[in-house]
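Only one structure is covered here, and it is reproduced in the block below.
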Amino acid sequence: MALGTRPHHHYRTRGALRAAVLLGVVTLLPPTAVAASAMTSDPVADRQAGTPSTSFRPGAEWRDTDGKVIQAHGGQVLQAVDDDGKRIWYWYGEDRSNGYFDSPGIHLYSSHDLYNWKDNGLALRTLSSQDQFTNDKYFAHLYKDYTAEQREIVWRDLSTNLERTDGWARPSILERPKVIYNKATGKWVMWVHSDGPSSPTSTSTYARAEAGVAIANSPKGPFRWLGSYRLNHVPSDSVPWCGSSPAFDPAGGMARDMTLFVDDDGIGYIIYSSEENRTMYISKLNAAYTYLSAPPETAVQGKDFVRTLACNQREAPAMFKSEGRYYLVTSGATGWDPNPARYATATEILGTWTDRGNPISGPGAGDTYRSQSTNVIPYDRQQNKFIFMGDRWTPSTLATSPYVWMPMSFGENGTLTIGPDAEWQLDDLQPYQHWTVTTPMPDHVWLRDTSTLPTQVQVSQAGVTTTHPVSWDPSTVAQPGPTKLRGTLDDGRTFTRDVVVVPHGLRYVVNAGGAATADWQLLADAGSSEAGLLNSTPEQPVGADPGTGTTWGYTGSSGTYGGAAGDLYNTLRWAKDKEPLTYTFTGLDRGTYTVHAGYWDPWPWANRAAQVSINGTVVDEERLFTSDYTTGEYANISVGDDGEIVVDIAPTRAPDIQVSWLMVTRTD
Ligand code: GAL
């Protein structure tokens, strides 16, 4: 890893990834994709035998009622009413039958049961030649009233051919189409990530970064292209672009991965990854859903749009509403590679969004069961039954990238769970009514000691409050530092609370990197109230503490990651030049001590590892750094008259090492 560039490695820019993919420099195919495409025989056989599907098989090949592989990637399923007044589902998506470029357009399928899909053909067609405006009936009719200038825009946005006829170096692309119905106008409105080169000579596929819109009189199309636009944004130089540069894009308003949402009051919204995919925006649409509620020049933040999840670098947004709350499920930004999902909730759509973490735990958490979100289907909103739609992108064979539809469920305070990716049926979706534990919880708890926690809690559901005995999961208070304390009610329902676990006898609590995070402050306060802390700041180079005068601190050439808004784990100090990081603690009374250390890696693909020694003895042969928060516990350290503990963390592999936090506690 090039040393100077390391702090930037958490931003894997789309441009760089895209270039790498196109040049064939790296293979982004997940190792497990082979297994996925091997699971294809059953559905094919079923379909050929004419047997309708009665279940979802996430990741398996999915064929339409004619036996052809469904082409509806990065898509959405929309509920409508058919000519017989029956509920019908429309599935719109990217037609990737020709791979990455040369997409025929946006494909449509329809279904009455969500399992079996009929091919309705292309809802929006792309163009391969400008002559089609005159010699192809479809385009001649659809664009008959368009001026030459308007046709120029349609051509620019819908020409997806790699072999271009107009001298441009690169084609355009259409991704993540979403359709909403406008009750007032009776029109179906499609928005799509419309991208491509910004000029004839540009070779970038993601330079234009716009949202395009098309309109139709029928859900089946034909959708007529209206144009594509940059969207609302704050003044480009008014905010740090979170590691990217506003100078890179002075116009602002970039819109890449996107989705649509219509609220109960009929107001439509477009949700898009902006500022070079660093920050999410939610913008109100106009009454016809064909443009923004106000042009970017006059749009007012908080009224017309909100800039949210700033610097979280989220993509692939999917929005839904449950029990009066808005949910936004997103992916990280790693191109076709899967990554952990996260979700955020809000009570006002243009208000404050709160990150609620990963909706998946256990297997599947690290890569969203090898998928990337694209949409959430409100299957039954009354009963809060929702379906997660994702894509398991296989960049080498995009055409057959499997679909991953998984059940969603809810817990205390609307906590969302997605998965698992096993075969399932609609009947497996459980009804849910919002419930929450209202008893306040202490902000800290002692290590392996739940005696300070309540033995019963109040639960509120639909305005009724009941009292329940609660048991606390000891494994959630078994490590010091921030934790998700888990309680189980007498009826089996579980809930979690963010608390900080504090070891008794705390003498030093160091947040490596030096950020005064809230959890560090809680630990420092709890520690001071008990044994008495010898450090008064989160971290310092070795020297006298400004508050206590005791000598402590780190040595080793290094840099820092994260800020005060983070936590103990995701703020850290990283070493340079193969040097170890050494932390010295003095002023300790004679006795036996335990050192706890926290590890986490924002650059887990580096596969770094360390050997940890305390006072010259190896206590950890090979500590691996991963994307999980992990803790090392090094007990029975004898401190003699020198009153000193020296913790040394040295690399055992090529990449440099790092550490998130250290605690020194006296155990007798
Ligand atoms: C993903 C994005 C996809 C597609 C892909 C190309 O991050 O969600 O829609 O653009 O990158 O690499």
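Remember, predicted model here, so these are calculated numbers, not experimental data. Remember, it's 1-based here, ligands and their atoms both numbered in the order they're listed.
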> Taking it one step at a time, do Ser228 and Asp157 satisfy side-chain hydrogen bond (donor to acceptor under 3.5 Å, both in side chains)?
Replying inline: CA-CA 8 Å; Ser228 62; Asp157 295 351; 2.8 Å; yes
> N/O to N/O below 3.5 Å, does that happen between Gly335 and ligand 1?
Replying inline: yes
>> Any nitrogen or oxygen of Thr334 lying under 3.5 Å from a nitrogen or oxygen in ligand 1? Just yes or no.
In response: no
> Nearest heavy-atom pair of Val404 and Arg370: which atoms, and what distance?
Replying inline: CG2-O, 4.5 Å
> So is Trp393 close enough to ligand 1, meaning a heavy atom under 4.0 angstrom away?
Replying inline: no
> Which bit of Gln372 gets closer than 4.0 Å to ligand 1, counting heavy atoms only: side chain, backbone, both or neither?
Replying inline: side chain
> Looking only at heavy atoms, is any part of Arg176 under 4.0 Å from ligand 1, and if so is it the side chain, the backbone, or both, or is it neither?
Replying inline: side chain
>> If you apply the rule side-chain contact (heavy atoms from CB on, under 4.5 Å), what do you find for Lys68 with Asp119, and how did you get there?
In response: CA-CA 9 Å; Lys68 288 188 307 213; Asp119 185 358; 3.2 Å; yes
> Are Glu275 and Arg256 within salt-bridge range, i.e. N to O under 4.0 Å?
Replying inline: no
>> Taking 4.0 angstrom as the limit and counting only heavy atoms of Glu315, give me the atoms of ligand 1 inside it, by number and element.
In response: 1 (C), 2 (C), 7 (O), 8 (O)
>> Name the residue from Val262, Leu350, Leu285 that meets the side chain to side chain contact (heavy atoms under 4.5 Å, CB included) definition with Tyr269.
In response: Leu350
